Amino acid sequence: MGFICALIEFLSIFASALSIGLLAAIVFATFRRKYTHNRHVEAPAVFEDPNSLQPVTCPNILDPAEKYISLIIPAYNEEHRLPGYLDETLNYLQERASKDKSFTYEVVIVDDGSADGTKRVAFDFVKRYTVENVRVLLLGRNYGKGEAIRKGMLHSRGELLLMLDADGATKVTDLAKLENQIRAVALKERNSSADDLTLRISDVPIAAFGSRAHLEDKALATRKWYRNFLMKGFHLVVLLAAGPGIRDTQCGFKMFTRAAARKLFTNIRLKRWCFDVELVYLCKIFSIPMIEISVNWSEIPGSKVNMFSIPNMLWELALMSLGYRTGIWTIHS
């Protein structure tokens, strides 16, 4: 009996020490990220032109738009899936540009420290389409999807900025759905008509979230059990951390006006899986209208989300909750 009591006492002390250590680690990590948003705005960055071998200075999100739309594609070890999706994407963009001279575009590929041939594949497309239309940012090492997208957003030139995954799970043609809804909301926000030529869509803060919520029943039936478990638990935690509003925060197909991107991506701090949740939270803080739009989606083999992603997701959500709710993370407008 005495042994059992001693064991329980030991486990209680151990659990308490572990909890205190975990809390201290969360507080420390939260303070470390207090100023990270500034570093990325100020960091010097260049695109390399593989045709002329000359560096091209990166634009800044605070600069006026030079293109109608920018597509930001984060890529980590995507040498096999990236070429097909880039071909599909650029064919679509070129077709639209041939029909509408005002439709100007760029594709920004952000290599998140890939260890395979992703960099080579990306630069092949720059050579084919020129650095004016396709650009590559190299992060040097793997920081995470959120960091890659933030870097791409901060150095894009579009009035509209679309983030999309390299696996091609969502068809690029669906960008028209988000684009049309953003334009409709912009007209409503500015009390303008469709033929108002003075409206600059880039100046109206709006966020459009592609959504797979309409596919949930089918996905539950076909997706691997651990991914269903992960997503259900994650949705519950997201609801507690960011509140209601967007059913599918994790779809990798999102569009922002330049005004919205300026506010969001100069403040965002999470680097990996939960940066999408932080975007929703910041949209609410800034009162940026959010639209959730159903998109076509198919599960592509090779997903980097697995059971080991759960601790990282919970860690980032804990940082976000502590950072914003205690005021450690200040928000700059």
Side-chain angles (χ1 to χ4, degrees), residues 16-43 60-62 72 74 110 112-113 139 141-155 161 163 205 207 209 230-231 233-252 254 256 259-290 305 308-333:
S16 298
L18 188 64
S19 299
I20 293 171
L22 180 60
L23 180 60
I26 291 172
V27 172
F28 176 72
T30 303
F31 270 103
R32 279 192 62 191
R33 298 194 190 193
K34 184 174 183 179
Y35 301 108
T36 54
H37 63 288
N38 286 330
R39 298 176 191 168
H40 303 280
V41 177
E42 297 168 358
N60 190 289
I61 191 64
L62 301 179
I72 293 88
V110 187
D112 188 22
L139 297 192
R141 67 180 179 87
N142 179 241
Y143 288 92
K145 179 182 176 181
E147 181 68 6
I149 288 174
R150 168 166 56 182
K151 195 72 170 180
M153 289 282 177
L154 292 179
H155 297 296
L161 299 96
M163 53 175 269
F209 292 73
L230 186 154
M231 292 308 299
F234 184 73
H235 288 161
L236 176 61
V237 177
V238 166
L239 186 64
L240 297 174
I246 298 295
R247 291 177 62 195
D248 182 8
T249 60
Q250 300 310 110
C251 180
K254 297 179 176 67
F256 308 90
R262 281 176 181 148
K263 293 176 180 289
L264 298 173
F265 291 96
T266 54
N267 278 288
I268 194 170
R269 290 170 170 85
L270 298 184
K271 299 177 183 293
R272 294 191 179 273
W273 302 115
C274 291
F275 79 99
D276 304 84
V277 183
E278 189 179 7
L279 286 172
V280 173
Y281 187 87
L282 288 171
C283 280
K284 292 181 177 181
I285 294 296
F286 285 115
S287 298
I288 295 174
M290 294 182 290
V305 179
F308 297 104
S309 304
I310 297 176
N312 187 271
M313 290 177 174
L314 296 176
W315 171 261
E316 288 202 325
L317 286 175
L319 296 184
M320 188 189 86
S321 296
L322 180 65
Y324 286 122
R325 297 184 184 191
T326 60
I328 295 174
W329 292 358
T330 53
I331 298 173
H332 300 272
S333 58

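Keep in mind the model is a prediction, meaning the values are calculated, not measured.
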**OP:** For Pro205, enumerate each residue passing the side chain to side chain contact (heavy atoms under 4.5 Å, CB included) test, keeping only those at least two apart in sequence or located in another chain.
**Re:** Ala259, Ala260, Lys263, Ile288
**OP:** With side chain to side chain contact (heavy atoms under 4.5 Å, CB included) as the test, would you mind laying out the steps for Phe256 and Met163 before giving the verdict?
**Re:** CA-CA 9 Å; Phe256 308 90; Met163 53 175 269; 4.1 Å; yes
Subject >> N/O donor-acceptor pair under 3.5 Å between Arg262 side chain and Ile61 backbone >> reply: yes
Subject >> Value rounded to 0.5 Å, distance of NZ in Lys254 from CD1 in Ile72 >> reply: 13.0 Å
Subject >> Audit row: Leu322, Trp329, side chain to side chain contact (heavy atoms under 4.5 Å, CB included) steps and yes/no >> reply: CA-CA 9 Å; Leu322 180 65; Trp329 292 358; over 6 Å; no
Original post:
Quick one: does Glu316's side chain have a donor or acceptor within less than 3.5 Å of a partner on Cys274's backbone?
Top reply: yes
Original post:
What residues, two or more places apart in sequence or in another chain, satisfy side chain to side chain contact (heavy atoms under 4.5 Å, CB included) together with Asp112?
Top reply: Tyr76, Leu139, Asn142, Tyr143, Ala148
**OP:** Show your working on side chain to side chain contact (heavy atoms under 4.5 Å, CB included) between Phe286 and Asn267 and close with a plain yes or no.
**Re:** CA-CA 11 Å; Phe286 285 115; Asn267 278 288; 3.6 Å; yes
**OP:** Output the distance between atom CD1 (Ile268) and atom CD1 (Ile149), rounded to the nearest 0.5 Å.
**Re:** 8.5 Å
Original post:
Which atom names give the shortest non-hydrogen contact between Lys145 and Pro74, and what distance separates them?
Top reply: CG-CG, 4.1 Å
Original post:
Measuring from Phe265:CZ to Leu282:CG, what's the distance to the nearest 0.5 Å?
Top reply: 9.5 Å
**OP:** Rounded to the nearest 0.5 Å, what's the gap from CG on Leu319 to CD on Glu278? Could you check?
**Re:** 10.0 Å
Original post:
CG/Leu317 to CG/Leu270 distance, rounded to the nearest 0.5 angstrom?
Top reply: 7.5 Å
Original post:
For Ile285, which residues count as a side chain to side chain contact (heavy atoms under 4.5 Å, CB included) partner, sequence neighbours excluded?
Top reply: Tyr281, Ile331
**OP:** Please name the pair of heavy atoms, one in Gly144 and one in Arg272, separated by the smallest distance, quoted to 0.1 Å.
**Re:** CA-NH1, 3.4 Å
**OP:** Could you go through the side chain to side chain contact (heavy atoms under 4.5 Å, CB included) check for Met320 and Arg269 one step at a time?
**Re:** CA-CA 8 Å; Met320 188 189 86; Arg269 290 170 170 85; over 6 Å; no
